[in-house]
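Since the structure is predicted, the reported quantities are computational estimates derived from the model, not experimental observations. Reminder, nothing fancy here: chain letters follow the sequence lines and each chain counts from 1.
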Amino acid sequence: MLGAWRGLRSEAGGARALRVGAAADKAAMPIHMLKIISGAPETALPSHLQRVDSKYLQLGCDHANKYFKGTVTLSYPLIKLGNGTDSFKITLQDMENSCSRTSSINILLLGKMAKDCAKVVHQGIYTKSSPITASEIASTPVALKYTYTPLNHLTGGTTVNLYGVVKFFKPPYISKGTDYCSVVTLVDQSNVKLTCTLFNGNLDALPKIYKIGDIVRFHRIKIREYNGQIQGVTSIGFASLTFDGTPGAAIIPRASSKLYTFTDEEQKTIEELRVWGSSNLSISGPAVKLSGVQPKLYFDLTCQLIGKAEMDGSSFLLKVWDGTKCSYQSWKVPVESRDLEGDKVLIHKLRNLTVDILVYDNHVQLAKSLKVGSFLRIYSLHAKQACPENQADVLYIEFHLHGGTGYGRGFGVLPESNPDVKELKSFLDSVDLTEHQNVETVSSMELDSTSDSVSNSEVYLERCQQLSVTVLTDHQDLNETALNTILNNPAPQQYRIRAKLRTFKPQKLYQSIKLYCSKCNSLQEVPDGDDFDFILQDSAATLPNPELHNKLWYDSAVWNTEHPKQRTIAVHFVKHNEMVQEPGNCLIMVEGGTQKEIMKLTRRFKGVIPVRSMQEDLELLDLSAPFLLQGKIRHYGCKQCSKPKTIKSLHFLSEEEHPSWEPSEVAQILGIKPLQYAFVMEFTLVDGTGELNAYLFDYEKFFQIPACEVLSSDLLQKKMEATMNSLSSPKRKIDDLPWLECVIRSYTVRDGTEQRVCYQIFDTTVAEDVV
DNA sequence: GGTTAGGTTTAG
C-alpha cells in the first residue's frame with residue numbers, strides 16, 4: 001500500500017510519531033529517526049513530498065510523493081507469520097485531523113521493515129491513546145486464535161470461520177456488476193452443504209480452487225438465509241486458503257492474501273478433510289486428454305494456450321494443445337493470420353496437435369486477458385458432434401465453451417507450480433513433434449498458388465446443359481453449388497460443383513506422381529534411377545556372406561562377373577513347401593546386382609528384393625531404394641514409419657499355404673510401411689461466379705490409371721496426357737472447354753503465417769468416353 | 001459496505 005517509511009520522534013506528549021511516505025523510496029529503505037522540535041522536523045522533509053490525510057489512502061489513488069503523518073496510538077508485538085516472515089502491526093492516528101471519523105489507520109509492516117520498525121517504536125513501552133476496539137482486534141488476525149464452525153452448526157446473521165471440501169465450484173468469472181464472482185459449494189464431515197457466493201474486484205482475492213475435492217479454509221464468511229436456505233457470502237475481511245484435496249499430498253496453501261496464519265494443528269484438519277472427501281465425494285476420474293475426447297462429451301481440459309483471436313463480440317478463439325492428438329477430426333475456425341495472437345511458427349508446428357475452442361458471451365472478456373503460453377483449465381468444455389451439411393458419414397468435433405456459468409462452465413489460469421501443470425509441461429517437452437509435423441501433408445499441400453487472377457467478367461460463362469467430361473461416383477444427391485458461394489462459406493464442407501478447368505499444375509505430368517505415406521501423411525518425390533544405382537553400387541562393396549547361403553527356406557546361387565567391374569552376385573530363391581517355385585511364382589533376393597540386372601530379373605520372377613549380407617542375416621538396403629520390385633513397379637517404404645526387420649521374417653510368409661507375395665504382405669512381414677503412388681495435382685476451376693483452386697489426390701480412380709504404373713509405362717503416360725488435353729488446353733478458349741462435374745470438400749489449413757481454406761476433389765472420375 | 005449471484009449445461 002505504502003512505499004516507504006520514516007520514523008519521526010515527537011517531543012510532544014511523549015508519543016512517538018511516524019511519517020509514512022509513499023515517495024519513490026524502495027521498500028528496503030531503512031528506518032530514519034527524525035527529531036521534531038516545536039512541532040517541526042529538525043531536518044526538513046524533501047520539498048516534493050506532499051502530506052495527505054487518511055481519506056486519501058485508497059486503492060487506485062496515486063501515492064507517489066505523498067506522506068501520512070500520525071501518532072502511534074497502538075503497537076502490537078513483533079510476530080512471525082506461518083511462512084517465517086516478520087510482521088509488525090501499528091495504528092497511526094492523525095492528531096491534527098482527529099475530527100475525521102477515519103483519522104486512524106492500521107499498518108502492517110513485513111520483513112526487515114517490520115523488525116527495524118519494531119525496534120524503534122517498541123523499546124519496551126508503547127502509548128495507547130485510544131481504546132482498542134473490536135474491529136481493530138478482528139483485523140489483527142496474527143494475534144488471534146481462530147475458531148471454526150462445522151457446517152451443521154451455521155446460523156443466519158453470523159460471520160464465521162470454516163473449513164470445507166469443495167463439492168462444486170464456478171471458477172471466478174466477471175459478474176454483471178463490478179466484481180469477479182465465484183460460487184463454491186462446500187461440504188464437511190457433517191455432510192451438510194453450504195453454497196457460498198463470493199465477490200471481489202480482485203481476482204486473486206477469490207479462492208484458488210482448481211478441482212472438485214480441494215480443501216478450503218474461509219475466514220470471515222457471512223452466513224445468511226436466502227430463499228429459505230442458508231448461504232455464505234463474502235463480508236469485509238473475507239480471506240481464504242485452498243489446498244489440494246489429495247490425501248498425503250504436500251500441504252501448500254494457496255492464499256487469497258499475502259498475510260495469513262497457518263498452524264501445524266491446521267495441517268491435521270486438512271488431512272482429515274482430504275481423507276473424508278476422497279471417500280465421501282464423487283471426485284471425477286482421470287482427466288480427459290484430447291486423445292480421449294468423445295463426441296457429445298462435456299469435460300475439463302488442462303492445456304496450454306498457444307494462440308488466441310477475437311472473432312466477433314460474442315465469441316473468442318483459443319488455440320490450445322495438451323500434447324495428445326484428438327482422435328476425431330476437429331474443426332479449424334477460419335481466422336485471418338493477422339488477427340491471431342501467438343507464435344506463428346509454433347502454431348504451424350503444432351497444427352496437428354492443437355484444437356480450436358470458441359468461447360462465448362460472458363467468457364469472452366476474461367479470454368481476452370489470457371496470456372499466450374499460459375496453462376489453462378477449461379471447465380465443462382463441450383465436444384460437439386458435427387458434420388457437414390447432408391454428410392452424416394463425415395464426423396468431426398467442434399469445441400465450444402458456451403455462454404453462462406452453469407455446471408461450473410468457465411476457465412482459469414493454472415500457476416506453473418500446479419502439479420498438473422508440471423506434469424503437463426514435462427509431457428509437452430517429451431512430445432516428438434516430427435511425428436506429427438509432416439513435412440508436407442496432404443491436407444496442407446500446396447503447389448504454388450497462381451498469382452494471376454482472372455476477373456469474373458473475363459471468365460464469365462454461360463451455364464449450359466452440355467455433358468460433363470467427369471462424373472461423380474457418389475454424392476449424386478448433393479445439389480450444385482456456385483464457386484463464389486463455396487468461397488464465402490466456412491470450412492469444412494462438401495459440395496457438388498460444375499466448372500471448367502482453366503489450368504492445372506504440374507504441366508509436366510510425370511511430376512504429378514508422388515509417394516504418399518498414409519501413416520505419417522507425408523508426400524515425397526519418387527526417387528530416380530540414379531539414386532537406386534548409387535545404393536546398389538554401395539551395397540555391392542559388401543561381399544555375399546557364404547554362411548548365409550542355402551538356408552532352410554531359400555536356395556542360393558553365386559557367381560562372379562567382370563562387368564561393369566569385378567563383382568560377386570548372389571541370388572537367393574525363396575522356397576515354398578521346401579521347394580523352389582517356378583520363376584513366375586518365385587520370390588528372389590539379390591545381392592550385388594546392378595539396376596539393369598535386377599530389372600532383367602523382375603521380368604522373369606514374381607518379385608525381387610535387393611539385399612546385402614550382414615553377419616547374422618541378410619538385410620534390406622537403404623529405404624531410398626525399393627524394398628521390392630514387381631514387374632515394372634518399384635515398391636518403396638517410408639523411412640520415417642518403417643522399422644525394418646531381419647530378412648528371416650520372410651520365412652513365415654514362405655510357409656503359408658498359398659503365398660501371394662503381395663507387396664503389402666511382404667512389406668508387413670519385413671516391418672516396412674509401404675508408400676503409395678498417387679497423383680497430386682492442382683486444378684484451377686472456374687464457373688463464371690468465381691475461381692477456385694482444388695487439389696486432386698488420387699491413386700487411380702480419377703484417371704482410371706493406377707498411379708504406380710504411370711512412370712514405367714509410355715502407353716499410360718500418353719493416355720493421361722490425352723485425358724488432360726481433353727479437359728483443358730491453353731490453346732482453347734474457355735468457352736470451348738468442357739464442363740467438369742466434381743465433388744469437392746473444403747478444409748482449413750494453416751501453413752507458415754496464414755490460415756486459409758483449401759479444397760480437394762474426391763469421388764470423381766473422368767467419363768469413360770473421354771479416357 | 002452498494003451491485004454482482006444466489007450451482008444444474010448452448011443451442012453459436
### Query
Which residues satisfy the salt bridge (Lys or Arg N to Asp or Glu O under 4.0 Å) test with A:K170, sequence neighbours excluded?
none
### Message
Generate the contact string for nucleotides 7-12 of chain B. Rules: B means base contact, S means sugar-phosphate contact only, - means no protein heavy atom under 4.0 Å.
### Response
BBBB-B
### Rounded P spacing from B:dA5 to B:dT10 in Å
16 Å
### Task
Rounded to the nearest angstrom, tell me the gap between atom CZ in A:F238 and atom C1' in B:dT4.
16 Å
### Query
What integer distance in Å separates A:R224:CZ from B:dA5:P?
13 Å
### Message
Parallel, tilted or perpendicular, judged at 30° and 60°: which one describes the rings of A:Y360 and A:H400?
### Response
parallel
### Summary
When rounded to whole Å, the NZ to P distance for the pair A:K176 and B:dG2 reads 21 Å
### Query
Please give, in whole Å, the distance from B:dG2 C1' to A:K222 NZ?
11 Å
### Query
Distance only, no hydrogens: is a donor on one side chain within 3.5 Å (strictly under) of an acceptor on the other, for A:H475 and A:Y495?
no
#### Entry: Nearest-nucleotide comparison on DNA chain B, the residue closer to the 5′ end among A:T197 and A:I236
A:I236
### Summary
Heavy-atom closest pair (A:A383 atom, A:F399 atom, distance to 0.1 Å) is CB-CE2, 4.1 Å
### Task
Check every strand shown and say whether A:F316 touches a base, only sugar-phosphate, or nothing at a heavy-atom separation below 4.0 Å.
nothing
#### Entry: Worked check of side-chain contact (heavy atoms from CB on, under 4.5 Å) between A:D300 and A:V288
CA-CA 7 Å; A:D300 297 346; A:V288 175; over 6 Å; no
### Query
Any side-chain heavy-atom pair from A:L241 and A:I270 closer than 4.5 angstrom?
no
## Note on the structure
Assigned chi class of B:dT8 under the 90° convention is syn
